[in-house]
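Notes to accompany the following structure.
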Protein chains: 2
Amino acid sequence: MDATQTPARRGRPGYDRDQVLTVAVQLFNDQGYDATSVADLAAKLGVTKSALYHHVDSKESILQTALDDALSSLEGALDDAVHEHDDAIGRLRQVVRGAVGVLAQKLPQVTLLLRVRGNSEIERAALERRRAFDHRVTAIVRDAQSEGALADDIDAAVATRLIFGMVNSLTEWYRPGGPVTPDRLADDVLRIALDGLDRVPEGA
Amino acid sequence: MDATQTPARRGRPGYDRDQVLTVAVQLFNDQGYDATSVADLAAKLGVTKSALYHHVDSKESILQTALDDALSSLEGALDDAVHEHDDAIGRLRQVVRGAVGVLAQKLPQVTLLLRVRGNSEIERAALERRRAFDHRVTAIVRDAQSEGALADDIDAAVATRLIFGMVNSLTEWYRPGGPVTPDRLADDVLRIALDGLDRVPEGA
DNA sequence: GTCTATATTAGGATAGAC
DNA sequence: GTCTATCCTAATATAGAC
């Protein structure tokens with residue numbers, strides 16, 4: 001699962017499947033999936049197209065693998081949040097933390113997932129899983145409103161989408177190894193979503 | 001600028017440039033710019049590829065036009081906000097309202113803009129203008145923190161990105177004519193960003 | 001404003017040798 | 001695990017008639 005760190009290239013490259021997948025997903029994110037040709041990927045790896053097809057069945061199978069990875073991780077984080085907390089507000093906090101964590105840990109795969117538009121059966125299936133995830137989170141937000149823990153003058157679906165709008169936008173600029181840690185980011189998202197930025201909370 | 005409403009197709013379609021651009025940008029958003037071929041666009045319009053090239057110079061010139069439209073509108077909204085308010089917090093509120101308004105009014109063009117990855121000179125120029133916009137807004141957020149109107153325990157750049165993460169995520173689900181109005185959306189974004197969702201503000 | 005026909009290049013993918 | 005050579009399709013774009 002960690003391929004970039006072990007190139008071990010002497011003379012001929014000599015890649016394994018994971019290395020190919022890692023570079024492919026990076027390239028898909030840099031240029032867009034559709035704008036990236038198999039020739040581009042081969043060039044980036046320094047091998048021919050034929051060599052690539054020794055490792056993967058098709059361009060789409062690379063996409064499939066990455067999307068499954070991202071979705072399974074996000075679904076797992078949601079499951080964990082539900083199991084670890086009995087109150088909806090606790091579950092919401094935890095699912096935001098979990099999603100930010102997954103996003104940080106599997107940034108390339110999640111980035112790819114968030115850009116899928118439904119151009120193939122594989123993409124449509126991924127969108128369907130995303131929708132199911134969103135619905136489960138929306139239900140948690142609605143529960144938190146019923147509990148009295150969250151303001152209910154904003155529609156639960158709208159609130160959920162705006163909160164995850166913040167979370168998902170992290171793929172646009174968060175880079176691992178940068179100055180901001182994932183934990184701090186999750187704190188900031190929850191801080192804005194729950195407390196807001198107006199003044200300092202302990203001020204006055 | 002409003003083409004979809006006047007098809008007036010009798011026998012042969014008979015399109016003008018604006019109609020072609022409108023349909024093109026819609027299709028680019030549905031399928032992705034790179035995944036959309038000129039043949040797809042021609043099929044959608046019910047004409048041949050050659051007929052299309054009578055209206056536009058190239059596929060990229062369509063993109064160029066749409067991106068310019070979106071960027072000019074956003075920059076205009078920012079200029080307006082700065083001119084209409086002297087305090088940074090007022091400017092921030094207004095630029096969020098303005099950006100949501102532009103997003104709602106020019107949803108296709110803004111959606112296209114937000115998906116650009118820098119695959120060509122045109123795309124890179126658009127990204128550069130976006131960055132300049134972001135920097136100007138970040139400066140406003142920083143000023144609002146200095147004014148004491150905004151909490152300063154979150155980095156201004158991070159706060160700006162998260163707020164605009166919410167705003168920009170509207171392209172993923174907001175559709176004109178739906179149940180939620182743009183004004184209400186801007187209120188919700190500002191409400192979350194400034195006051196937060198924790199409890200009801202006037203509660204207890 | 002649209003058509004048929006076509007030039008040209010790039011795309012995904014395979015066969016079979018090393 | 002990689003190579004050369006190749007197939008076939010689809011891509012952007014143009015020429016010139018109606």
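Heavy atoms only: backbone and side chains are in, while hydrogens, waters and symmetry mates are out.
Checking C/dT4, D/dA11, C/dA13 against every side-chain atom of A/Tyr53, the shortest atom distance belongs to C/dA13. Picking from D/dA13, D/dT2, C/dG1 the nucleotide with the shortest atom distance to the side chain of B/His54 gives C/dG1.
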Test side chain to side chain donor-acceptor pair (under 3.5 Å) on A/Gln109 and A/Asp69 and set out the steps. CA-CA 7 Å; A/Gln109 294 93 324; A/Asp69 193 5; 3.0 Å; yes

message: For a salt bridge (Lys or Arg N to Asp or Glu O under 4.0 Å) check, start with the C-alpha distance between A/Asp68 and A/Arg129, then their side-chain angles and the critical distance, and finish with the verdict.
response: CA-CA 10 Å; A/Asp68 278 346; A/Arg129 277 174 80 179; 3.1 Å; yes

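The pair A/Asp40-A/Lys44 does not meet the salt-bridge criterion, since no charged nitrogen lies less than 4.0 angstrom from a carboxylate oxygen.
Rounded to an integer number of Å, the gap from NZ of B/Lys49 to P of D/dT12 is 7 Å. In this structure, B/Asp34 places its CG atom 11 Å from P of C/dG11, rounding to the nearest Å. As a whole-Å value, the separation of A/Gln19 CD from D/dT2 C1' is 14 Å. Taking atom NZ on B/Lys59 and atom P on C/dA10, their separation rounds to 15 Å, with Å as the unit. Following rounding to the nearest Å, A/Leu41 (CG) and C/dG11 (P) show an atom-to-atom distance of 12 Å. The distance between atom CZ of A/Phe28 and atom C1' of C/dG12, rounded to the nearest whole Å, is 12 Å. Rounding to whole angstrom units, CG of residue A/Leu27 and P of C/dG12 are separated by 11 Å. Regarding B/Tyr33, its OH atom lies at a distance of 10 Å from the C1' atom of D/dT12, rounded to whole Å.
Projected onto DNA chain C by closest heavy-atom contact, A/Ser50 and B/Ser50 fall at different nucleotides, the more 5' of which corresponds to B/Ser50. Comparing B/Val38 and A/Ala51 by the nucleotide of DNA chain D whose heavy atom lies nearest to each, the residue mapping closer to the 5' end is A/Ala51.
At C/dT2, one or more side-chain N or O atoms of B/His55 fall inside 4.0 Å of OP1 or OP2 (strictly under the cut-off). Remark: B/Ser37 is in phosphate contact with D/dA11, judged by side-chain N or O atoms under 4.0 Å from OP1 or OP2.
One N or O on the side chain of A/Gln145 and one on the backbone of A/Ile154 form a donor-acceptor pair closer than 3.5 Å.
Seen from the ring of B/Tyr33, B/Lys59 counts as a face-on cation partner, given the 6.0 Å and 45° thresholds.
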